[in-house]
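Inspection log for the structure reproduced underneath, given as structure tokens.
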Amino acid sequence: MPPPVVRMPPSPTGWFHVGNARTMLFNWLYARHTGGRVVLRFEDTDRVRSTEEAITQAEDVLRWLGIDWDDGPHRQTQRLDLYAAAAADLVERGLAYPCYCTAEELAAERERRQAEGRPLVYSGRCRSLTPEERRAREDAGLAHVIRLVMPAEGTTAIEDVVRGHVEWENALQGDHVIFRSDGTPTYLFANPFDDIRMGITHVVRVEDLLPSTPRQLAVYAALDAAPPTYAHLPMVLGTDKKKLSKRHGAVSVEEFRDRGVLSQALVNYLALVGWSYDDHTTVMTVPELIERFTLERVNPSPGVFDPEKLEWLNGEHLRALPPEEFAAALQDYLARTGSPLAARPERVAEAAPIVQEKLRTLGQFEGFAGFLFGPVTTDPDAWARVEADPAASQSLGAARETLAGVDRWDAETIHAALAAACAREGLKPRVLYMPIRVAITGRTVAPGLYESLELLGRDESLRRIDAALGRLTG
RNA sequence: GCCCCCAUCGGCUAGCGGCCUAGGCCCCCGCCCUUUCAAGGCGGUAACACGGGUUCGAAUCCCGUUGGGGGUACCA
């Protein structure tokens, strides 16, 4: 069997959300797993809604995700001549015909059918126009679309890789529009036409396109081409089980990138919506995904996108990074998002090791390590805990004295000294340390205390403890 | 209205007739790690939508019901 050819056909009409990314990913994983080829094709025939920005954005997002392509990017608007020639040929052969019905006539027809409880399909009225009638309409200056002749009887069926046998009644399809009155092709035509011309063997797309399959198969038949293998993926839903949209909060790939989600983590997460490797494997690298991905293991039921699991998974990927790579990713992230912290790469590099275990996203770095870059900003809730602690000033006093007397300023020595102070004061470490942590980091959730002190330096640490002491007693 | 798809814990899922008194992960809740914690460890709550079949045996197969989703455009 020749290697499969798949395509990624984004329509550049808006932002690229995680659902689109998931579809592209499955196509890509399938091709890379099987040694097949990936074609990138922008379906921009909708001139009104397609934008140049969306095209740039889509390419950018795909590149960031590490999803590459072997052919393209093609653009349907640059292939208009091809479609037009094909249309003329179809009309010539009687497989398609011009339709002069107005929007009002069509609406009235639909209403009538609705009332009669019949399917809302076009009656095919213009199909039987005589050449004279056609000429009369042309002469009257009536605009026309081109419709494809659908079989009046019988059924159309596919053996979908994820759904099995699916069948439609041809009579229920209606002659659909394949060319608009401005001469441009609709999705229903351009998409299968290009799939044929580009040698696409596997159409891997979301299930909302499933109902359009019989109409596309009619294009294959009209063009005398062999149909592809179909795999209809389950939808990616928002928490309300509805199609993903902006209402659902952060759902664009870029938003997650800006929050500090690693592309490999997003890819890993997305692979798990609608697909699984086995009953227990969750964390996987991209090469592992490529090696393990098969369409047969795609699950037919829709899935809800869960940002919390994505963040957890991102934490896993962050921790799995070698320290230097983690530091590099961090610096890169800070620079890209325009963080002022990026101006001090040495400091970032020093801070990286003490936060790597803590972060779920790179975006949390500032909250964890900001205290190392400038004056502390104290969290009110954290300070309230200090004030409520009767042993706070005792702890801070003991810490001040201990730290001032430490002979070597490194985490190990600090650790030993503070442990001794706990014993001396008769305080549990958690009690003694809490006020110190708040004093130097301004928060109760922070990197390890000893490492934090070491990096902050003795002078600044003592200054902050003194300040806290002063604020507590004064 | 008509057509199509889907149906296991709150979420993602494993399960393709007996291995299931249904497993894993996220979330949540406890406990532990004589340092917080969003890290780590241990433990816990929690599901086969319902009704009929088929079968010695059904989460798994069939039919129906209900529920959810999608489509029904000169959007893709």
Measuring centre to centre across the rings, with the benzene-like ring taken for any Trp, is A:His202 within less than 6.0 Å of A:Tyr30?
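Yes, close enough.
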Determine whether the aromatic ring centres of A:Tyr83 and A:Phe179 lie less than 6.0 Å apart.
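Centroid separation for A:Tyr83 and A:Phe179: 6.0 Å or greater.
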So which nucleotide does [N] pair with, by the Watson-Crick or G-U wobble rule with both distances under 3.5 Å?
| N | answer |
| --- | --- |
| B:C42 | B:G30 |
| B:U36 | none |
| B:A49 | B:U65 |

Find the distance [X]:[atom1] to [N]:[atom2] and express it as a whole number of Å.
| X | N | atom1 | atom2 | result |
| --- | --- | --- | --- | --- |
| A:Asn299 | B:G11 | CG | C1' | 14 Å |
| A:Leu272 | B:G11 | CG | P | 16 Å |
| A:Phe305 | B:C12 | CZ | P | 12 Å |
| A:Arg292 | B:A14 | CZ | P | 16 Å |
| A:Tyr83 | B:C74 | OH | P | 19 Å |
| A:Trp168 | B:C3 | CH2 | P | 15 Å |
| A:Glu169 | B:U72 | CD | P | 19 Å |
| A:Tyr122 | B:C74 | OH | P | 11 Å |

May I ask you to say what [X] touches in the nucleic acid, namely base, sugar-phosphate or nothing, with a heavy-atom cut-off under 4.0 Å?
| X | answer |
| --- | --- |
| A:Arg437 | base |
| A:Phe179 | nothing |
| A:Thr186 | sugar-phosphate |
| A:Leu209 | base |
| A:Gly274 | sugar-phosphate |
| A:Arg297 | sugar-phosphate |
| A:Met434 | nothing |

For the side chain of [X], starting at C-beta, report the closest nucleotide among [options].
| X | options | value |
| --- | --- | --- |
| A:Val304 | B:G11, B:C5, B:A14 | B:G11 |
| A:Leu449 | B:U35, B:C74, B:G69 | B:U35 |
| A:Arg163 | B:G71, B:C6, B:U36 | B:C6 |
| A:Arg180 | B:G1, B:C6, B:A76 | B:A76 |
| A:Lys309 | B:U35, B:A14, B:G11 | B:G11 |
| A:Glu43 | B:U36, B:A76, B:A14 | B:A76 |
| A:Thr282 | B:C25, B:U35, B:G23 | B:C25 |

Does A:Arg47 come within less than 4.0 Å of A:Asp182, counting only side-chain N to carboxylate O?
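No, this pair does not count.
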Look at A:Lys309 together with A:Glu311 and state whether they make a salt bridge at an N to O cut-off of under 4.0 Å.
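Salt bridge: no.
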Polar side chain donor-acceptor pair, [X] to [Y], under 3.5 angstrom:
| X | Y | result |
| --- | --- | --- |
| A:Arg205 | A:Thr213 | yes |
| A:Thr155 | A:Glu169 | no |
| A:Thr441 | A:Arg437 | no |

Between [N] and [M], how far is it from one [atom1] atom to the other, in whole Å?
| N | M | atom1 | answer |
| --- | --- | --- | --- |
| B:G24 | B:G43 | P | 10 Å |
| B:A59 | B:C19 | C1' | 15 Å |
| B:C6 | B:C12 | C1' | 16 Å |
| B:C48 | B:U60 | C1' | 10 Å |
| B:C27 | B:G11 | C1' | 8 Å |
| B:C74 | B:G68 | C1' | 32 Å |
| B:A22 | B:G41 | P | 25 Å |
| B:C5 | B:A47 | P | 30 Å |

Looking at the base of B:C75, is there any donor atom on it, or on the side chain of A:Arg49, that sits under 3.5 Å from an acceptor on the other one?
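Answer yes: a donor N or O sits under 3.5 Å from an acceptor.
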If you take atom types as modelled and just measure distance, does the side chain of A:Ser181 reach the base of B:C74 with a donor-acceptor pair under 3.5 Å?
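Result: at least one qualifying N/O pair found.
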If you assign A:Pro185 and A:Pro119 each to the RNA chain B nucleotide with the nearest heavy atom, which residue ends up on the more 5' nucleotide?
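The residue whose closest nucleotide sits nearer the 5' end is A:Pro119.
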Nearest heavy atom decides the nucleotide; on that basis, is A:Arg215 or A:Tyr450 closer to the 5' end of RNA chain B?
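That would be A:Tyr450.
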Quick one, A:Val261 and A:Tyr333 - any side-chain contact, counting heavy atoms below 4.5 Å?
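SC-SC contact between A:Val261 and A:Tyr333 ruled out.
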Here's one to test your reading of the geometry: is the NZ or CZ of A:Arg443 within 45 degrees of the ring axis of A:Phe368 and under 6.0 Å from its centre?
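Geometry flag: set, cation within 6.0 Å and 45°.
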Return yes when atom CZ of A:Arg292 has more than 12 non-hydrogen atoms of other residues, nucleotides or ligands closer than 6.0 Å, and no otherwise.
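For A:Arg292, atom CZ is crowded (more than 12 foreign heavy atoms under 6.0 Å).
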Considering just the side-chain nitrogens and oxygens of A:Ser276, establish if one lies under 4.0 Å of OP1 or OP2 belonging to B:A14.
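Answer yes for this pair, as a side-chain N or O of A:Ser276 is under 4.0 Å from OP1 or OP2.
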Give every pair of a protein N or O atom and an N or O atom of nucleotides 38-47 of chain B that lie under 3.5 Å apart, one pair per line with the distance.
residue	atom	partner	partner atom	Å
B:A38	N6	A:Arg443	NH2	2.6
B:A39	O4'	A:Glu357	O	3.1
B:A39	O3'	A:Arg319	NH1	3.2
B:G40	OP1	A:Glu316	OE2	3.2

